[in-house]
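Chain A is the first sequence line, chain B the second, and so forth, proteins listed ahead of strands; every chain is numbered from 1.
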Amino acid sequence: MYDHKKIEAKWRERWQEEKLHAPNLDKASRPFYNLMMFPYPSGEGLHIGNMYAFTHSDCYGRFKRLNGYDVLEPIGLDGFGIHSENYALKIGEHIKKVSARTEKNFYKQLQMIGGHFDWDRTVETYKEDYYRWTQWLFLQMYKQGLAYRKKSPVNWCPSCKTVLSDEQVINGECERCDSKVEKKEMEQWFFKITDYAEKLLKNLEWIDWSSDVKLGQKNWIGKSVGAEITFHFKGTKQKVKVFTTRPDTIFGATYLVIAPEHPLLKDETLRIENQKEVDSYIKKAIKKSEIDRIKEDKEKTGVELKGVRVINPLTKKTIPVWVADYVVMNYGWGAIMAVPAHDERDFEFAKKFELPIKKVIQPIDEKSAKLVLKKCFAGKGITVNSGFLNGLKTKVAQRKIIDYLKNDKIGKSCVNYKLRDWCISRQRYWGPPIPMIKCKKCGWVPVPEKDLPVKLPPLNDFQPDGSGKGPLNKIKDFVEVKCPQCGGQAKRETDVSDPFVDSSWYFFRYLSTEDNKQALNKERIKKWMPVDMYIGGKEHTVLHLLYSRFVTMVLHDLGYCDFEEPFKRFFGHGLVIKDGAKMSKSKGNVVNPDEFIKRFGADSVRLYLMFLSDVRQGGEWKDAGIAGMFRFVKRTWKIYEEFQVESITKNSGSSKLKSIKIPRLHKTIKKVTDDLERLSFNTAIARIMEFVNWYYTAKNSLEEQEKHFLLSQLAILISPFAPHLGEEFWSILGNKNSVFKEKWPAYNKDLIEDKQIELVVQINGKLRGKIKVSPDISQQEAFVLAVEDKKVRNFLGKHKIKRKIFVKGRLVNLVI
RNA sequence: GCCGAGAUGGUGAAAUUGGUAAACACGCUAGCUUCAGGAGCUAGUGGAUUUUUUGUCCUUGAGGGUUCAACUCCCUCUCUCGGCACCA
């Protein structure tokens, strides 16, 4: 009887005792760092989605181990953060208590799934010995000028009562609680990720990552190459700078638009005649939340600054100036030159407010040429109505106009990024206090490194109050401190940092969790990093995966590592869905992994998750499907059980074979190996199933020694997928050591190739016959045999063969 | 709106370089079996067509194209799922 509970518990214990999954970090000769995204421990326990990722990742790690690598596969908990905190608030329990409980539960679950985890070096972001170094990281950032304070409109979640980073706002809503995010003008701590925009973009060209994730990052960074051009106001000395990617269209700039937040709008020297009207528009526009701006169907609004005009530096004509919220302050210079004929938004605006539209680009294709002025044309073409730029192609015109602007000192080429600095302040309790002190005399002073950690003080009522200050502000003993510089009265920063700061460097910390004297161990980093394989969710494209790259680049510049990119390879998996939809509590289609592990065992759940479909695409979970996998496991189990009984009854002490010439085995080994290498887990399992099916049909004609050898090989092949079973099978065969100390089976190339193959005979591309031939049959022979085939002859009749195609080892196609 | 990924049997899905579409499963059908167990075994299972079926024709969202040959490449369209969202 296959008793998965007993077997799995036995091997889990033994792995733990033998520390089978804890490589020696200093002595390992072939390090392989196999990383998976550490989960944030929710109250609900490990989600099937986490398990999906872990299972594939673990299978790959175990495969690498069997191929002779020293595999480090660490695990931990991303436990700080709003998610955990909100859950604690919801159930009315203190977050510290909740965390202690979820930690226990998560680690138990993680043990149950049988991962190759090194339990001696877990990382919990909310423990002092970790967040101390998160604070240290902040101080390094501060020293480099990469952490700074800035007052700016930030994303405020009214429900979580904290600010959020741009990356945490999804469609104008809070990533955590889906509340509408508001814009608030606040002073916050930022990390200067924009300093690394170019490097973050450039390295995307060579890192081996899923291409959609790379593209997502590229778009988020959003590099635009163009020019900045200065426009002078008529009648005053004021001027305004604009950014444009199409300086070549400047002759078509028929008006200028300024963002509502632009400081020029408060400039009295402009003498705006309708200042009141303008002010009320500005007030309304600024009040709008992001989501309102999106939901209003992008209907253009705006107000003309009456009596104000700027001079187009090329046409020398004056053009009107408008304020409109389709221009945003935090990109470029908060002002644009509007070229309605060649920009979608300007076109729409000009149509609505009846502003002049002037064509300056002639499209090359006729279809678009006909539509110019009826529709906007934003493409490239030939410049017209533009003085000295006439007749030039867009690219040439752009170069020429930039040279002109430079000579006249009214503009220059310029690059802009959509990426903005990372706002890391959070007005919450459950995070690492930002290690800064504000002194009346000295200003902001960093906490000296020797004083770290700034401990998160106990606080019973940790509910955020929405005052714009974190709950820590309520604790006098915490707030009131002496200035480390002058000893005078000072106050601590009471905000904590974004949990994404915690996770931006955890993979470094895994390497030296036992060392509490320093954050990072350079030698080990050199030996083990960058991470060889990282498997995780694509939802972190512009969050964790971007932040980690940034932090690694900073650590590189500080000399802690000699690489700029933390993850050599990142592989994004798809989602597990159920009943055709993403799992969610409200839909009631959440799969609880515990229940299935209990019923069928971790091995069956692992196998099923990997068998579902291609890991890149995700797959659909079916309760009936896992039962089928359980059946396969039991069938395989029976083979070993039978073998054990036989060998006991026969009691034959015959010597073991070292190799075997059964092509079926060699083909299976090749298939499984190739499939695992290209991360095609589902087909690898299919191949193992085929092998088991074959074994059933062949077993009666096999010698005991042969069986023993075949089953040994099968035990190893199956062990990355179903590690407990692998071990159990291995021990049934009489082995004392762990199967994971074995070598991955090798195949004999000569046995892969069949001595006889079926060559397909097509007539006009349609299958008409099959002939049995040797794989290296010559073209001539193949044609002769093909024509001799009865069926083929029937089809050919009296037709003349016009053409013959021969594909070696595959087919013959006769064209008639 | 823009960008990306996808659409293959009743279902989840395979098909690595353009070369036998549907591997491997689930489900279903029939039969066998009876340690009644979330059982096991055997056979069948894309559709149409009663032409002895070891046959023929059709079939990878729709339509067109390239090719001896297209799930795969190109064009047009439809739908689904993700990402971005006035970024000049």
J.: Rounded to whole angstrom, note down the P distance from B:G65 over to B:C26.
T.: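 Rounded to whole Å, the distance is 42 Å.
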J.: Give the rounded distance in Å between these two atoms: CG of A:Asn330 and P of B:A88.
T.: 13 Å
J.: Rounded to the nearest angstrom, tell me the gap between atom CD1 in A:Ile577 and atom P in B:A7.
T.: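 Rounded to the whole Å, the gap is 14 Å.
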J.: Has the side chain of A:Lys418 got a donor or acceptor atom sitting under 3.5 Å from an opposite partner on the base of B:C84?
T.: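 Check fails, no donor-acceptor contact within cut-off.
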J.: May I ask which nucleotide in the shown strands pairs with B:A85, Watson-Crick or G-U wobble, both distances under 3.5 Å?
T.: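 With both distances under 3.5 Å required, B:A85 matches none.
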J.: Return the nucleotide paired to B:U52: Watson-Crick means purine N1 to pyrimidine N3 with N6-O4 or O6-N4, wobble means G-U with N1-O2 and O6-N3, both under 3.5 Å.
T.: none
J.: At less than 4.0 Å, is any side-chain N or O atom of A:Lys218 found next to OP1 or OP2 of B:G83? Yes or no.
T.: no
J.: Between B:U72 and B:U17, how far is it from one P atom to the other, in whole Å?
T.: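 These two P atoms come out 15 Å apart once rounded.
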J.: With P as the reference atom in both, quote the distance from B:G31 to B:A36 in angstrom, rounded to an integer.
T.: 24 Å
J.: Both distances below 3.5 Å, Watson-Crick or wobble geometry, any strand: find the nucleotide opposite B:U60.
T.: none
J.: Tell me the partner of B:A30, counting only Watson-Crick (N1-N3 plus N6-O4 or O6-N4) or G-U wobble (N1-O2 and O6-N3) with both under 3.5 Å; none if nothing fits.
T.: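 When the pairing criteria are applied, B:U42 turns out to be the nucleotide that pairs with B:A30.
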J.: Quick check on RNA chain B: between A:Ile336 and A:Gly216, whose nearest nucleotide comes earlier from the 5' end?
T.: A:Gly216
J.: Pair A:Glu167, A:Trp220 - check side chain to side chain donor-acceptor pair (under 3.5 Å), show working.
T.: CA-CA 9 Å; A:Glu167 288 80 1; A:Trp220 187 259; 3.0 Å; yes
J.: Look through every strand shown and name the nucleotide pairing with B:U17 as Watson-Crick or G-U wobble, where both distances are under 3.5 Å.
T.: none
J.: If we take the C1' atom in both B:U67 and B:A13, what is their distance in whole Å?
T.: 29 Å
J.: Out of B:C3, B:A88, B:A14, which nucleotide sits closest to the side chain of A:Leu215?
T.: B:C3
J.: What does the B/S/- profile of nucleotides 23-41 of chain B look like, 5' to 3', with a 4.0 Å heavy-atom cutoff to protein?
T.: BBSSS----------B-SS
J.: In whole Å, what separates the C1' atom of B:C75 from that of B:U66?
T.: 11 Å
J.: Could you check A:Ile805 against A:Leu814 for side-chain contact (heavy atoms from CB on, under 4.5 Å), going step by step and ending with a plain yes or no?
T.: CA-CA 6 Å; A:Ile805 286 119; A:Leu814 306 171; over 6 Å; no
J.: Taking the same atom, C1', in B:G19 and in B:G55, what whole-Å distance lies between them?
T.: 24 Å
J.: Quote, to the nearest angstrom, the P distance that separates B:C41 from B:C35.
T.: 16 Å
J.: Centroid separation under 6.0 Å, is that true for the rings of A:Tyr52 and A:His573?
T.: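 Yes, they do, as the ring centres are separated by less than 6.0 Å.
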J.: Between A:Arg549 and A:Leu204, is any pair of side-chain heavy atoms under 4.5 Å apart?
T.: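 Yes - at least one pair of side-chain heavy atoms lies under 4.5 Å apart.
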J.: Under 4.0 Å, heavy atoms only, any strand: does A:Ile805 hit a base, just the sugar-phosphate, or nothing?
T.: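 Base contact.
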J.: Could you tell me which nucleotide pairs with B:A7 by Watson-Crick or G-U wobble geometry, both distances under 3.5 Å, or answer none if nothing does?
T.: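 Pairing partner: B:U78.
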J.: Applying a 3.5 Å limit to both distances, which nucleotide forms a Watson-Crick or G-U wobble pair with B:G37?
T.: none
J.: Can you tell me the pairing partner of B:U66 across any strand shown, Watson-Crick or G-U wobble, with both distances under 3.5 angstrom?
T.: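 The base-pairing partner of B:U66, which may sit in any strand shown, does not exist here.
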